[in-house]
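For reference, the structure discussed in these notes is given below.
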Amino acid sequence: MSEQRTESRPLTDEQVAQYLEAHPDFFVQHRKLLADLELPHESGPAVSLVERQVSVLRERNMDMRHRLSKLLDNARENDKLFDKTKRLVLALLEGRDMGDIIDALCFSFDQDFNIHYTSILLFGHEDRIPSSQARVVTIGEARQHIAPLLKNNRAMCGTLGEGELQFLFGDNAHQIGSVATVPLVHGNAYGLLAIGNRDPHYYRSSMGTLFLGYIAEVLNRLLPEHLPR
């Protein structure tokens with residue numbers, strides 16, 4: 001038994017006209033299509049005022065659609081960022097010791113936020129600070145290598161010199177194009193949080209400092225409890 005195949009052919013103008021004649025309420029049920037219809041106003045070779053107004057309104061309509069779409073996309077991204085940040089903060093609060101807190105931070109930055117490189121420095125002496133993924137350096141070493149990053153206790157974004165990258169990221173320094181850093185402060189600076197990206201243009205100006213500054217504030221309320229007094 002042979003199968004019959006029916007090829008779909010495009011509708012002709014006559015078929016479309018016949019359908020609309022048989023369904024005069026078509027555009028009532030599909031009002032959105034009216035915004036895209038082009039109905040020239042008969043005025044000879046000149047463009048009529050009505051046509052120009054319709055064209056302007058159509059362009060404005062498209063512009064508003066694009067803006068609304070962009071706003072919705074930004075809202076979705078903000079929702080995702082909020083959820084990731086909430087998970088991170090809760091994980092930090094659940095940490096029982098410094099090791100747990102630093103581990104939670106590094107895991108979230110790597111898995112949730114897809115941050116290429118994370119470096120956490122704590123100022124002091126290794127024999128007095130609990131062991132963790134954070135690197136312990138003296139405040140003197142920090143001032144010698146990254147003094148500009150410790151000024152004003154504010155987050156910074158941009159590019160760094162080879163010496164600064166080497167001090168912060170060690171063997172990964174040559175892979176980093178741009179960084180964002182923020183001092184960790186409890187009275188005085190007791191450490192520094194730095195994140196790096198391979199793209200030299202990724203961290204620029206004030207980009208990302210709001211999020212990084214917020215995480216630093218959470219750490220400033222948790223980590224000092226585990227540091228020597």
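We use all heavy atoms of the structure for the numbers below, so side chains are in, but hydrogens, waters and symmetry mates are not. All residue numbers refer to positions in the sequence shown, counting from 1.
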* **Matching residue for M62 among R65, E59, R60 - test: side-chain contact (heavy atoms from CB on, under 4.5 Å)** => R65

* Minimum heavy-atom distance L149-P183, with the two atoms named -> O-CG, 3.4 Å

* To do: Could you tell me whether the side chain of I176 reaches within less than 4.5 Å of the side chain of L168, counting heavy atoms only?
  => no

* Asked: Looking only at heavy atoms, which two atoms of F123 and A189 are closest? And how far apart?
  -> CD1-O, 3.6 Å

* Asked: So, does S119 use its side chain to make a donor-acceptor pair with the main chain of A194 at under 3.5 Å?
  -> no

* Can any side-chain N or O of T85 pair as donor or acceptor with the backbone N or O of L81 at less than 3.5 Å? -> yes

* CD (Q111) with more than 12 external heavy atoms under 6.0 Å -> yes

* Taking S132 for the side chain and G99 for the main chain, is one N or O donor matched with an acceptor at less than 3.5 Å? -> no

* From CA spacing to verdict: side-chain contact (heavy atoms from CB on, under 4.5 Å), D63, R67 -> CA-CA 6 Å; D63 182 58; R67 291 186 183 185; 3.1 Å; yes

* **Nearest-0.5 Å distance, CG of residue L121 to NE2 of residue H145** => 11.5 Å

* Distance in Å, I120 CD1 paired with C106 SG, rounded so as to fall on 0.5 Å steps -> 4.0 Å

* **From L92 atom CG to L223 atom CG, the distance as rounded to the nearest 0.5 Å** => 8.5 Å

* Report the residues that fulfil salt bridge (charged side-chain N to carboxylate O under 4.0 Å, His left out) with D127, sequence neighbours left out, ordered by chain and then residue number. => none

* side-chain contact (heavy atoms from CB on, under 4.5 Å) with T159: which residues, sequence neighbours excluded? -> R204

* Asked: Remaining members of M64's ILVMFWY cluster at a side-chain heavy-atom cut-off under 4.5 Å?
  -> none

* Between the side chains of N197 and Y117, is a donor N or O closer than 3.5 angstrom to an acceptor N or O? -> no

* Distance-only, no hydrogens or angles: does the E217 side chain make a donor-acceptor pair with backbone N or O of Y214 under 3.5 Å? -> no

* Asked: Among all residues two or more places apart in sequence or in another chain, which pass the salt bridge (charged side-chain N to carboxylate O under 4.0 Å, His left out) test with R96?
  -> D100

* **Verdict with reasoning, I129 to M98, per side-chain contact (heavy atoms from CB on, under 4.5 Å)** => CA-CA 9 Å; I129 295 179; M98 178 175 291; 4.1 Å; yes

* Asked: How many angstroms lie between CG in L122 and OG1 in T138, if you round to the nearest 0.5 Å?
  -> 12.5 Å

* side-chain contact (heavy atoms from CB on, under 4.5 Å) between V179 and L165, worked out -> CA-CA 9 Å; V179 301; L165 289 175; 3.8 Å; yes

* To do: Would you please test L212 and I195 for side-chain contact (heavy atoms from CB on, under 4.5 Å) and show each step?
  => CA-CA 9 Å; L212 198 62; I195 54 178; 4.0 Å; yes

* Can you name the ring pair (Phe, Tyr, Trp, His ring centres under 6.0 Å) partners of H186, sequence neighbours left out? -> none

* **Nearest-0.5 Å distance, CD of residue Q175 to NE2 of residue H116** => 10.5 Å

* Structure fact -> CD (E94) and CD1 (I101) are apart, to the nearest 0.5 Å, by 11.5 Å

* ring-ring contact (aromatic ring centres under 6.0 Å, His included) contacts in which one or both residues fall within residues 70-97, not counting sequence neighbours -> none

* According to the interplanar angle, ranging from 0 to 90°, do the rings of F113 and F109 count as parallel (below 30°), tilted (30 to 60°) or perpendicular (above 60°)? -> perpendicular

* Assess whether atom CG of D171 is packed by more than 12 heavy atoms of other residues, nucleotides or ligands within 6.0 Å. => no

